[in-house]
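One structure is given below, encoded as structure tokens.
What's counted below: heavy atoms across the whole structure, side chains too, no hydrogens, waters or symmetry copies.
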Amino acid sequence: MNDFFQRCSQPHPHAFPLFGAGHFFLLFLIALGIYLLLHWTKQASAKTRRRLLCTVGILVPMLELSHSVWMYFTGTTNLIELLPLHLCGLQSLFIPLSIFTPFACFKDFVFATSLLGGIFGTVFPAGIAGYYPLFSFQTIQTFLLHALLIYVPLAAILSGVHQPHPRHFPRVLCVFLAVVFVVGYIDFHFGQNYMFLYGAPDGTPLVWVFDTFGRQIYLLVTFLLLAGVSFCIHLPFVHRYPAAFPKAQHHV
């Protein structure tokens with residue numbers, strides 16, 4: 001059990017490799033779990049759907065908080081280093097806002113960033129693959145959190161509480177740039193790398209971009225990729241929803 005909560009600064013002897021059998025097994029479990037949850041959501045009553053979303057809206061920040069508590073008890077006592085300021089960690093703030101408030105800008109932001117963050121975080125688990133075994137707190141917490149990041153925006157669409165559309169994308173960019181400004185300020189003044197603004201995430205192709213072209217080109221490429229893919233996932237919703245989905249009432 002001590003190994004379960006162990007924090008690894010060096011690769012654990014039983015660490016699972018990126019795109020190894022263990023990693024693909026985790027991806028299969030995540031995909032199966034999300035599919036079953038979405039199927040349940042689709043078949044459930046409106047009241048049950050709402051309860052599911054509310055439950056996840058509480059569970060996501062709890063999972064993120066559990067990670068901060070784990071980091072504290074394994075040696076990270078500097079408050080700045082415990083903040084949930086990576087893009088996926090920020091969903092612990094924006095997902096509850098998207099579920100418990102009527103403001104559409106939060107729903108749009110979660111759809112545009114949470115879905116991609118969840119997929120990216122499971123396919124390229126930076127700092128997890130190659131360091132931690134499958135059965136460890138860090139591995140399980142990371143994959144559970146990112147699975148919920150994928151589930152929430154899809155469940156919101158199935159539940160009829162959110163209707164993405166490309167014309168909403170500008171306000172996604174406004175929220176994103178505001179977040180980058182705040183996080184960038186903290187990174188600069190406290191020497192952090194939240195949202196990977198000062199260095200590329202390990203184990204991703206962006207490391208090559210950073211090492212080859214420098215930080216400015218890396219940031220430009222990362223922004224264009226994120227913005228481009230985020231916009232593209234809005235395109236299937238250009239046409240109006242079928243009658244099966246009730247029209248949700250939103251506030252800007």
Side-chain angles (χ1 to χ4, degrees), residues 27-64 86-123 143-176 178-179 225-252:
L27 291 176
F28 169 76
L29 289 181
I30 291 298
L32 179 61
I34 293 171
Y35 170 79
L36 293 175
L37 271 175
L38 289 174
H39 180 73
W40 181 19
T41 303
K42 186 176 180 180
Q43 301 298 323
S45 65
K47 185 176 181 179
T48 301
R49 290 174 180 175
R50 180 62 185 171
R51 286 178 176 175
L52 280 171
L53 282 174
C54 289
T55 299
V56 175
I58 296 171
L59 185 57
V60 167
M62 288 181 62
L63 278 171
E64 184 62 32
H86 280 299
L87 189 57
C88 292
L90 284 165
Q91 304 304 328
S92 65
L93 304 176
F94 283 101
I95 283 179
L97 287 172
S98 75
I99 293 174
F100 298 110
T101 74
F103 300 108
C105 59
F106 296 135
K107 295 175 174 62
D108 290 324
F109 182 78
V110 166
F111 174 74
T113 58
S114 179
L115 183 62
L116 297 180
I119 294 173
F120 191 84
T122 53
V123 175
F143 278 83
L144 277 178
L145 176 65
H146 286 83
L148 293 181
L149 299 192
I150 298 171
Y151 167 76
V152 168
L154 298 178
I157 295 171
L158 285 177
S159 301
V161 299
H162 182 224
Q163 298 181 5
H165 196 281
R167 66 172 176 266
H168 300 160
F169 190 67
R171 61 191 182 197
V172 172
L173 287 180
C174 289
V175 175
F176 179 77
V179 169
L225 282 174
L226 180 61
V229 177
S230 295
F231 180 77
C232 286
I233 64 175
H234 285 77
L235 294 179
F237 303 96
V238 170
H239 300 293
R240 297 185 63 181
Y241 280 58
F245 296 128
K247 186 176 182 181
Q249 298 296 322
H250 294 320
H251 301 271
V252 175

Counterpart residues, side chain to side chain contact (heavy atoms under 4.5 Å, CB included), relative to [X] (two or more places apart):
X	answer
Leu32	Phe28, Leu36
Ser114	Gln91, Ile95, Val110, Leu149, Pro153
Leu53	Ile99, Ala155, Ser159, Val161
His165	Arg167, His168

What pairs with Phe120 under ring-ring contact (aromatic ring centres under 6.0 Å, His included), at least two apart in sequence or on another chain?
Phe124
Is there any side-chain hydrogen bond (donor to acceptor under 3.5 Å, both in side chains) pair reaching into residues 27-41, and which pairs are they, with sequence neighbours excluded?
Thr41-Tyr151
Checking Arg171 side chain against Asp108 main chain: does a donor-acceptor pair fall under 3.5 Å?
no
Side chain to side chain donor-acceptor pair (under 3.5 Å) against Thr48, all qualifying residues, sequence neighbours excluded
Ser45
For the residue pair Gly57 and Pro61, what are the closest heavy atoms and their distance?
O-CD, 3.1 Å
Shortest non-hydrogen pair, Glu64 vs Leu145, comes out as OE1-CD2, 3.4 Å
Within-4.5 Å side-chain heavy-atom neighbours: [X] and [Y]:
X	Y	value
Phe94	Thr113	no
Gln163	Phe237	no
Leu93	Leu90	yes
Phe103	Leu97	no
Leu52	Val56	no
Phe109	Ser98	no

Result block: side-chain N/O donor-acceptor pairs under 3.5 angstrom for residues 226-234, not counting sequence neighbours:
{"unit_1": "Ser230", "atom_1": "OG", "unit_2": "Ala112", "atom_2": "O", "d": "3.0"}
{"unit_1": "Ser230", "atom_1": "OG", "unit_2": "Leu226", "atom_2": "O", "d": "2.7"}
{"unit_1": "His234", "atom_1": "ND1", "unit_2": "Ser230", "atom_2": "O", "d": "2.7"}

First locate atom [atom1] of [X], then atom [atom2] of [Y], and finally report the distance between them rounded to the nearest 0.5 Å.
X	Y	atom1	atom2	value
Ile150	Ile34	CD1	CD1	4.0 Å
Leu37	Leu154	CG	CG	11.0 Å
Thr122	Leu144	OG1	CG	12.0 Å
Ile157	Lys42	CD1	NZ	12.5 Å
Leu158	Gln43	CG	CD	10.0 Å

